[in-house]
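Quick notes on the structure that follows.
What you see is a predicted model; the values in this text were computed from it and never measured. Computed over heavy atoms, backbone and side chain alike; hydrogens, waters and symmetry mates excluded.
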Amino acid sequence: MPVFKSFFKIAGKRLRSACIYFIIYTVIILVFSFTAESSFDGNFQSSELSLYIEDHDGTDASRALCAYLGSLHEVTTEPLSREEIADRMYYRMLNYVLIIPQGFEERLLAQNADGFLDSVLIPGSSNGIFVNLQVTQYIRSLQTYLAGGYTLSSAVEASDRRLAEIPAVKAVSFGDEKSVTDNRVFYFYQYLPYVFLLILFAGMAPILITINEPDMRRRTLCSCLPASGRNLQLAAACTLYALLVWFLFMLLGLVIFRQDFLTRYSLLAMGNSLVFLLFCVAVTLFVSIFSPNENVLHMISNIIGLSMSFLCGIFVPQNLLSDGVLAVGKFLPAYWYIGINDMLALSEQTFDLHVYLQGLGIQFLFAAAAFALLMAFSGARKRSQL
């Protein structure tokens, strides 16, 4: 098997660079997995913001509002100049500025305080809008009690008591008892398509380009080895190389996540990733027949990897993508890979064997189409060189 042996001889000479790429992409997928998991856990948790309040009214009503905001956020009331306020907001040392003009209590007692306060928000930030809603909620609560005949002090006490009774928002994550898998394992499989594409382009494609060099190719064609035998040995070598990469990442997941990596979800997700790996092998083989240089190769791998990641839901969840983007994504295998991964990760009740097998079948068809395209271009290129 001369072609098979030649493939791995070249791979042995490139072992150092292959190990470097493996380490780099291992770090990437682990960073993605752990940071995405931690950001997911904090999606629905309120946070304490940094506020600056200028109270020009100095009345019981304005002090009550300041005390209410102080119970929720970190409030600064020491006098600041306009330049200091602008600098602090620019560097995100302040998230929100509230200015209480003189006459606030009179307006409140007259049921005419809506829109009377001034505020400064960071452009494009939702934090300021959130604080504005809290301020509006508090003022309307006071006005409701005042309209019911409460005194100002009684209205403040009743509003503080009622707003304190509002239940806290509870975050829901994939990591509860009804979940099939741990968040980190889910994101590990979520980013595997991107990593598989890049690592095969970086590690396997240069070997194929070397084998397809004109002198080596002509030497092989002049031997007694038929073209079909050459292609078969090359396909076997590429498959074994890709399986080795897949096995190393599965071993990595087992070492990092241990028991969480041996769940039913993980075993089904392994099969999903293995089928997608076939497509990655086909695309790598197809690109390598054009023998691009290494810079062009990295550019192509990033274009394919990033386009599929953003269009198919790897970097952005599919439920946040527009219908137009999803319509385009359906023509890419990563869309079906992510669809299966999402279905597997949610709960046992959402699993549908028919949907799972359908997704695997569509990914396999994409791989088969890529292999067919590879054979067509390879045959046409061979005829043109005769």
Side-chain angles (χ1 to χ4, degrees), residues 1-30 188 191-256 270 273-302 304-305 367 370-371 374-375 377-378 381-382 385:
M1 301 179 71
V3 177
F4 185 89
K5 293 179 180 178
S6 298
F7 180 95
F8 283 100
K9 282 183 180 180
I10 299 170
K13 293 181 179 180
R14 296 184 58 88
L15 183 61
R16 180 178 297 179
S17 60
C19 290
I20 292 173
Y21 283 123
F22 178 77
I23 293 171
I24 291 172
Y25 292 123
T26 295
V27 172
I28 288 174
I29 196 169
L30 291 179
F188 178 84
Y191 295 115
L192 269 183
Y194 175 71
V195 173
F196 278 165
L197 277 169
L198 266 62
I199 201 168
L200 289 184
F201 266 92
M204 192 171 75
I207 303 173
L208 294 170
I209 292 171
T210 302
I211 291 177
N212 287 327
E213 286 181 352
D215 291 341
M216 183 173 289
R217 185 179 180 85
R218 292 190 188 106
R219 183 176 179 180
T220 306
L221 292 175
C222 289
S223 67
C224 60
L225 181 68
S228 58
R230 176 187 181 275
N231 293 335
L232 185 62
Q233 291 183 33
L234 195 59
C238 291
T239 302
L240 183 58
Y241 185 96
L243 286 175
L244 180 61
V245 171
W246 177 84
F247 175 77
L248 288 174
F249 275 102
M250 295 304 105
L251 184 61
L252 173 70
L254 181 61
V255 171
I256 298 297
M270 283 182 191
S273 65
L274 190 58
V275 174
F276 186 85
L277 185 73
L278 294 176
F279 171 78
C280 296
V281 172
V283 171
T284 306
L285 282 165
F286 176 74
V287 173
S288 65
I289 66 174
F290 297 100
S291 300
N293 61 50
E294 198 157 343
N295 291 331
V296 175
L297 196 62
H298 288 310
M299 182 184 70
I300 294 173
S301 67
N302 278 296
I304 297 175
F371 275 116
L374 165 67
M375 297 302 294
F377 271 83
S378 181
R381 190 180 182 204
K382 180 181 177 181
Q385 293 176 347

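- Within the 6.0 Å centre-distance limit, the rings of Phe249 and Phe22 are counted as a close aromatic pair.
- Looking at residues two or more places apart in sequence or on another chain, you find a side-chain contact (heavy atoms from CB on, under 4.5 Å) between Ile300 and Phe201, Val287, Val296, Ile304.
- What you find for Ala282 and Ala370 is that their closest heavy atoms are CB-CB, 3.5 Å.
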Criterion side-chain contact (heavy atoms from CB on, under 4.5 Å) on Phe188 and Ile256, from CA distance to verdict: CA-CA 10 Å; Phe188 178 84; Ile256 298 297; over 6 Å; no

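- The structure places CD1 of Ile211 at 5.5 Å from CG of Leu234, a figure rounded to the nearest 0.5 Å.
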Audit row: Val283, Phe371, side-chain contact (heavy atoms from CB on, under 4.5 Å) steps and yes/no: CA-CA 8 Å; Val283 171; Phe371 275 116; over 6 Å; no

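- Thr284 contributes atom OG1, which lies 4.5 Å from atom CG of Leu200 (distance to the nearest 0.5 angstrom).
- The distance from the CD1 atom of Ile29 to the CG atom of Leu252 is 7.5 Å, given to the nearest 0.5 Å.
- Taking the six-membered ring where tryptophan is involved, the planes of Tyr25 and Tyr21 are essentially parallel, since the angle between them stays under 30° and well short of 60°.
- Within the 4.5 Å cutoff, the side chain of Phe7 has no heavy atoms near those of the Leu240 side chain.
- Here the CG atom belonging to Leu198 is positioned 10.0 Å from the SG atom belonging to Cys280, to the nearest 0.5 angstrom.
- Nearest heavy-atom pair, His298 versus Ala202, reported as atom, atom and distance to 0.1 Å: CE1-CB, 4.2 Å.
- Thr239 pairs by the side-chain contact (heavy atoms from CB on, under 4.5 Å) definition with Leu243, not counting sequence neighbours.
- Between Gly305 and Leu197, the shortest heavy-atom distance links the atoms CA-CD1, 4.0 Å.
- In this structure, Leu244 CG and Leu248 CG are separated by 4.5 Å, a value rounded to the nearest 0.5 Å.
- A 4.5 Å side-chain heavy-atom check between Ser273 and Phe196 finds at least one atom pair inside the cut-off.
- Contact detail for Val281 and Cys238: the closest heavy-atom pair is CG1-CB, 4.2 Å.
- Note: Leu274 CG to Met250 CE = 8.5 Å, rounded to the nearest 0.5 Å.
- Nearest heavy-atom pair across Ala242 and Leu277 is O-CD2, 3.4 Å.
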